[in-house]
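For the single chain, residues carry numbers from 1 onward in sequence order. Hydrogens, waters and symmetry mates play no part in the numbers below; they use all other heavy atoms, side chains included.
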Amino acid sequence: MNTLRILAATAMAGTVLSACAVTTAPAPVSIKIVGFNDYHGNLESPGTFGANTSVPSAQRPPVGGADYLAAYVARMRASNPNTVVVGAGDFIGATPLISSLFFDEPAVETLNKIGVEFSAVGNHEFDKGKDELHRLQNGGCKITAGAPDANSCRGFGSAAPGSFDGAKFRWLSANVVETATGKTLLPAYGIKSFGKVKVAFIGMTLKGTPSIVTPTGVAGLSFRDEAQTVNELVPRLRAQGIESIVVLVHQGGFQGAGNSDINGCVGDLAGSEIANIVSKLDNAVDLVISGHTHAAYNCSRNTLDNGSVARSTGLPNKAGRKVPVTSASAFGRVLTEVDLKIDATTRDVLEVSPVNRLIDRTDADITAAINANPEVKNVVAAYKNAVSPLASQVVGRITAPLSNSADAAGEMQAGDLIADAQLQATQPAALGGAVMAFMNGGGVRNPGFVNAAGTYPYDLTYGDAFTVQPFGNSLVTMTLTALQLKNLLEQQFAGCNGQTVTRILQVSNGLQYRWSASGPTCAKVTDVAFTPTDLQSVPPVATGPTEQIVVGGVVQNPTRTYRVTVNNFMATGGDGFSVLTDGAAVQGGAQDIDALVAYLAGYKQPAAAYDPTVPALRKPRIVRLP
C-alpha cells in the first residue's frame, strides 16, 4: 500500500538505534511499468496527434505504428531492466484491414515483439467469441470449413511461415466467468517478480460487455462487478506475500472541459465509469491502468491540466485515498511510463510516478534505432504487401454511384445501404429482433460506394467497403417507445435537447419521415411512417401494413415500443443523440463492417446488382418540407 506513513515509520525507527546498531536498510526496488490500451491492431501510424488539444493541427506530429511502439518500449526498458509491459484491453478487434483480414494475427504478433507480458481483456476481444480468443492466446491456424483458412498463419511475425505462435503475453480477465464451470475464462491475474519483490496485475473486463458485442461472442459467459472482483482477490494475493497490486481495467472516462493534455485530469473524470470503479476499490490497490474510452489522462502526482497547470491528484478509493489512474489514448499513439519504488523489506509501494509519452515518429534517435533493428518494421511491411490483393476481393455489385453526399433532405444513398445492412444483421430474434435501424451521417465515410473510373455496374471490393466503414463499431439493438423515436428524430436538429449542430440520421428500409425546415426547435418532425419489412429477402419484402407513428407532429401511440439498431458510438450518446442512452433491453451485435459485407453478398454475381432505384427500397426515406 502506498502511504507516507511507511516512510515516516522507517525514519522514526532509524532515530532510536544506537550508532553501533545502525544497519543499512536495503535500497527500494525501482520498477518500470509501461502501459497502453486500445491498440486495435494499428500496425501502421493512425495519423497525427498532439500532446494537448491546444497544439495546432499542422504542428501535431505523426505518431504510433508497431515499429515505433517497439522502439520506444526498448528505450524505456534500457533505462531500467526491471521493466514490465502491460495493456488495458482492446488490443484486437475493430482493427484496420492490415490486421483484420488476417484474423488479427498481425496485431498479436506485433504485440509479442513490442514485449507485452500481461493485458486485460477488452470488449473487442470477444468480437469473434471465446474460442477465437483462446486460439489467439494459444496459437494455431484459423479453421474455416474444416481446413486452415488461406488468410491465417501467414507467419510474418511468428516462428515460421505457415504458423501462428499465439500471444506470448497473457490475457487476463478476473471477472469473466464461464457459467457452466464457474471458473474464470482466463487467468484472473499475473505476477511478475523483481528479485524478492512481486507485483500482481489483475485483469478486468468492463461488466457491460454483453450489451455492446454480439450475443454469440459472449454466450455461456457472465461478467461480474469489476471492483467487487478485485477486492475479493486482495486477500489471496496478500497470502502470497504480495503488497504491490496493479489493476488493468478495460473501462475509462473523459477529462472535463479545457485543452486536455495527455497528462491532464481535468475534472478528475467526475461521473465516469472508471471513477465509480475506483471509488469502490480496496486500499491495497496501488495503480489503475484503464482504457476503453480512447481518451488520454494521467490522474496522479504528475497531473498537468490544460498543458500547464500542474497539480497532484488521483481518484479516491473506498478509503478516500487518491489512487493514480492512467489511460494512453488509443491506436498506439501514447505509452504510459510508470516508475514505482517498492520497499524491499515490507514490499509496500513507496512511490508511483506515471507520465504519458507521445509516440512521436519524428524522433530521430528512435528512427535510427528502428533502422538499425528493422524486425518489427519488416513484419508490418510484409502484412501491408499481403493485404493488397485481399483488399481487392469483390463483396458486391452496384448499378450506380452511392455517394455519401446528402440531398436537400439529408438523405445519402450510401447511408441508406448501411442502415439496411445493419437492420438485416439484427432482424433475427436471437440477434436483436430489430425492426428499424439508424446510421449517423458522419459515420458514412467519403466517398461512399463509388467507382473512381465512373463506369457501372461496378464490383465493390472489401477495400471499398472498409473505406466507408473503417471504425469497427459494434451494432447495438435496443427498445425505444414511439415517443422516444420522435424525440430521437427531433434531436437531429441544432438546439434540440443539447444538439449542437444539425445531424441528419440515415434510416433503414420501411421507415420514412418528413421534417419542416421552418418548424420550431424540437418540433420539426411532422410525420413518421413505418412499414415492417423483411431484409433477409433480396429484394426486401413488406411483411405488414404501414403504421403512422407520427401524424402532424403528434405521436399517435406514445408508449408503443420498437426494437431499434444503431452502432455502439450512437448508443452511448455519440453525435449528441442522448435519447439513445435511455433505450431498454440493450443487446450487442456484429461489427458494422461484417454486417455491411454480409448485406452486399446478396448483390454479388451471379445475383442481380444493387440498384438504388428499385421500388422495394422505398426511396426517398426522408422528405424536407419548407
Side-chain angles (χ1 to χ4, degrees), residues 2 32-39 46-64 69 72 76 86-90 246-279 281 285-317 320-340 351-360 362-363 572-574:
N2 183 14
K32 187 182 296 292
I33 299 174
V34 180
F36 63 116
N37 53 277
D38 297 275
Y39 177 55
T48 60
F49 200 63
N52 59 65
T53 51
S54 66
V55 177
S57 296
Q59 297 176 21
R60 297 175 186 175
V63 295
L69 279 168
Y72 270 91
M76 293 175 184
V86 299
D90 276 8
V246 179
V247 171
L248 310 174
V249 57
H250 193 69
Q251 185 56 281
F254 296 96
Q255 295 189 54
N259 294 322
S260 299
D261 191 280
I262 61 174
N263 283 297
C265 187
V266 176
D268 294 334
L269 314 186
S272 67
E273 292 288 345
I274 190 62
N276 179 55
I277 292 169
V278 175
S279 72
L281 288 180
V285 174
D286 300 291
L287 168 67
V288 175
I289 295 176
S290 65
H292 186 52
T293 58
H294 293 193
Y297 46 81
N298 179 5
C299 304
S300 75
R301 59 183 289 169
N302 296 319
T303 291
L304 191 67
D305 286 343
N306 298 319
S308 60
V309 182
R311 66 187 175 99
S312 180
T313 188
L315 302 187
N317 67 6
R321 180 171 68 88
K322 290 187 175 181
V323 178
V325 179
T326 68
S327 180
S329 184
F331 312 140
R333 295 181 291 206
V334 175
L335 285 174
T336 304
E337 184 176 14
V338 187
D339 291 316
L340 269 71
E351 184 178 301
V352 184
S353 183
V355 178
N356 277 335
R357 310 283 189 191
L358 202 63
I359 305 307
D360 187 345
T362 66
D363 187 307
T572 55

Margin query: If only side-chain N and O atoms count, and only distance matters, is there a donor-acceptor pair under 3.5 Å linking His250 with Asp90?
Written below: yes
Check: With a 3.5 Å cut-off and no angle check, do the side chains of Thr336 and Asn298 form a donor-acceptor pair?
Finding: no
Note to self: Checking side-chain polar atoms at under 3.5 Å, does Tyr297 have a donor or acceptor matched by the opposite partner on Ser260?
What the structure shows: no
Check: Is there any salt bridge (charged side-chain N to carboxylate O under 4.0 Å, His left out) pair reaching into residues 291-303, and which pairs are they, with sequence neighbours excluded?
Finding: Arg301-Glu351
Note to self: Can you tell whether the side chains of Asp268 and Arg311 come within less than 4.0 Å, N to carboxylate O?
What the structure shows: yes
Check: Are any side-chain N or O atoms of Asn317 and backbone N or O atoms of Arg321, one a donor and one an acceptor, separated by less than 3.5 Å?
Finding: yes
Next item on the list: Kindly determine whether Val247 and Leu287 satisfy side-chain contact (heavy atoms from CB on, under 4.5 Å), including the steps that lead there.
Entry: CA-CA 6 Å; Val247 171; Leu287 168 67; over 6 Å; no
Check: Got a sec, which residues hit ring pair (Phe, Tyr, Trp, His ring centres under 6.0 Å) with Tyr72, two or more places apart in sequence or on another chain?
Finding: none
Item checked: Nearest heavy atoms of Gln251 and Ile274, plus distance in Å -> O-CD1, 3.7 Å
Note to self: Between Asn356 and Ser327 (side chain of the first, backbone of the second, donor and acceptor by atom type, cut-off under 3.5 Å), is there such a pair?
What the structure shows: yes
Check: Is the shortest heavy-atom distance from the side chain of Val288 to the side chain of Leu315 under 4.5 Å?
Finding: no
Margin query: Keeping Asn37 on the side-chain end and Ala328 on the backbone end, is there a donor-acceptor pair under 3.5 Å?
Written below: yes
Margin query: Using side-chain contact (heavy atoms from CB on, under 4.5 Å), reason through Phe49 and Leu358 one step at a time and then give a plain yes or no.
Written below: CA-CA 8 Å; Phe49 200 63; Leu358 202 63; 3.6 Å; yes
